[in-house]
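Nothing fancy with the numbering, it's 1 onward along the sequence.
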Amino acid sequence: MHATGKPIVGRVPSTLKEAYRDSCQTVARWAWHLGGPDVEVEDAVQEIFFVVSRQMANFRGDAHFSSWLYGITRKIVANHRRRHRWRFLARQEPGHP
């Protein structure tokens with residue numbers, strides 16, 4: 001459910017502004033659960049909605065909008081976790097400041 005009290009499942013927002021308003025809190029919650037402490041949730045949400053802004057016109061409606069949005073969230077959060085892991089490993093190398 002989002003801030004306006006309407007469930008996002010089954011609804012297709014007509015604009016990016018509507019998608020953000022209806023889904024931002026849900027996406028942040030998904031990002032936090034999927035990413036844990038390794039992910040900056042605000043950065044992930046910003047990147048997720050950047051992708052949504054570019055891909056929204058390509059949404060075909062074969063699945064619920066929320067399923068499509070969750071898929072984007074999952075991929076972005078995985079990328080954030082991967083980057084965090086590489087930064088951590090790079091700091092562990094001998095001779096790295």
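Among all heavy-atom pairs drawn from Glu18 and Thr15, the shortest one is N-OG1, 3.0 Å. Contact between Ala44 and Val39 at its shortest, heavy atoms only, is CB-CG1, 4.0 Å. Closest approach of Ala31 and Val41 over heavy atoms only: CB-CG1, 4.3 Å. Of all the heavy atoms in Trp30 and Ser66, the pair that sits closest is CH2-O, 3.6 Å.
A heavy-atom distance below 4.5 Å is found between the side chains of Leu69 and Ile48. Side-chain contact between Pro13 and Arg21 is absent, with no heavy atoms from C-beta onward closer than 4.5 Å. For the pair Phe49/Ser23, a side-chain contact is recorded, criterion being any heavy-atom separation below 4.5 Å from C-beta on.
Within the structure, the salt bridge (charged side-chain N to carboxylate O under 4.0 Å, His left out) test picks out no pair touching residues 69-78 (sequence neighbours left out).
In this structure, the side chain of Arg81 does not engage the main chain of Ile76 through any donor-acceptor pair within 3.5 Å.
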Kindly indicate, with the supporting measurements, whether the criterion side-chain contact (heavy atoms from CB on, under 4.5 Å) is fulfilled by Phe50 and Val45. CA-CA 9 Å; Phe50 178 72; Val45 170; over 6 Å; no
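Using a 30° and 60° split on the angle between ring planes, Trp68 and Phe59 fall in the tilted class, from 30° to 60°.
Remark: the Asp43 side chain and the Gln46 side chain contain no N/O donor-acceptor pair separated by less than 3.5 Å.
Atom CZ of residue Arg54 and atom CD1 of residue Ile72 lie 9.5 Å apart, to the nearest 0.5 angstrom.
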